[in-house]
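Notes to accompany the following structure.
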Amino acid sequence: MGFYHGGELELILTSCVANVGAGVVVATAPALVVGVVSRDEQGLGSGMLNMLISLFGAIFTAGAYAILTSDSTVVEGTAFYQDNGYSWIFWFGAMVTLVALLLSLFIPTLRDPVEEDAAGADADGQGMRPAPVPVAGLAPAPTTPSNAATTG
């Protein structure tokens with residue numbers, strides 16, 4: 001987009017490509033987080049992901065406007081952003097993407113859910129389910145020959 005934004009059609013096409021890429025990232029990031037963390041930490045991982053998306057969105061927006069402002073003309077109190085500023089915003093986005101790709105190389109390998117299930121399974125094969133908690137006064141009725149036909 002740093003090169004091709006002179007006309008409306010060029011801007012529309014390059015924006016579509018960029019937005020499809022952003023959509024792929026937003027759609028697949030939760031699956032990657034859930035695949036890396038344990039079951040007990042999935043809520044924490046998803047929360048951190050949402051917080052970081054918001055944080056970096058705010059940082060990127062502030063950086064983009066700083067770039068635009070550095071190459072603008074103010075007329076009667078209104079800033080008019082120049083073409084060069086928009087070019088640098090596109091390059092700024094490309095640099096952020098490159099840094100994110102480099103950082104993604106340090107993401108640990110995905111956990112194997114089959115191994116985790118096998119390690120957490122107890123003797124009856126129920127996995128890591130919590131034990132039932134008895135509630136006073138709600139004990140199940142014992143099975144006797146007289147009520148076996150109705151409880152079975």
Side-chain angles (χ1 to χ4, degrees), residues 1-140:
M1 290 176 75
F3 290 127
Y4 301 108
H5 64 277
E8 292 175 5
L9 182 61
E10 292 173 344
L11 189 57
I12 290 170
L13 292 176
T14 53
S15 294
C16 286
V17 170
N19 288 321
V20 166
V24 168
V25 169
V26 170
T28 59
L32 291 173
V33 169
V34 168
V36 171
V37 299
S38 69
R39 285 184 178 172
D40 296 336
E41 297 173 332
Q42 286 179 356
L44 178 64
S46 295
M48 289 292 294
L49 172 69
N50 290 329
M51 185 268 310
L52 289 173
I53 287 173
S54 297
L55 175 69
F56 286 112
I59 290 171
F60 183 82
T61 302
Y65 275 101
I67 292 169
L68 275 177
T69 303
S70 70
D71 191 30
S72 65
T73 302
V74 178
V75 177
E76 296 182 17
T78 303
F80 292 93
Y81 304 122
Q82 304 298 318
D83 188 51
N84 194 35
Y86 286 104
S87 294
W88 278 109
I89 286 178
F90 297 136
W91 292 117
F92 178 59
M95 289 185 287
V96 168
T97 302
L98 180 64
V99 168
L101 287 172
L102 291 174
L103 288 175
S104 72
L105 297 174
F106 297 103
I107 294 176
T109 57
L110 297 177
R111 65 175 171 80
D112 187 2
V114 174
E115 288 179 14
E116 185 177 294
D117 288 344
D122 51 13
D124 65 354
Q126 295 296 317
M128 297 173 28
R129 293 183 187 167
V133 177
V135 178
L138 297 178

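This is a predicted model, so every value here is computed, not measured. All heavy atoms count here, side chains included; hydrogens, waters and symmetry mates do not.
Residues satisfying the side chain to side chain donor-acceptor pair (under 3.5 Å) criterion with Thr73, sequence neighbours excluded, are Gln82. Among residues two or more places apart in sequence or in another chain, the side-chain contact (heavy atoms from CB on, under 4.5 Å) test is passed with Val26 by none.
Here ring pair (Phe, Tyr, Trp, His ring centres under 6.0 Å) pairs that include residues 18-64, with residues two or more places apart or in two chains, are Phe60-Phe92.
A 6.0 Å sphere centred on CE of Met48 holds no more than 12 heavy atoms belonging to other residues, nucleotides or ligands.
Counting heavy atoms from C-beta outward, Tyr86 and Leu68 have side chains that approach closer than 4.5 Å. Taking the side chain as every heavy atom from C-beta outward, Leu52 and Leu55 approach each other to under 4.5 Å.
Heavy-atom minimum distance, Pro30 versus Ala27: CD-O, 3.7 Å. Residues Val34 and Ser46 approach most closely at CG2-OG, 4.4 Å, considering heavy atoms.
To the nearest 0.5 angstrom, Trp91 atom CH2 is 13.0 Å from Ile67 atom CD1.
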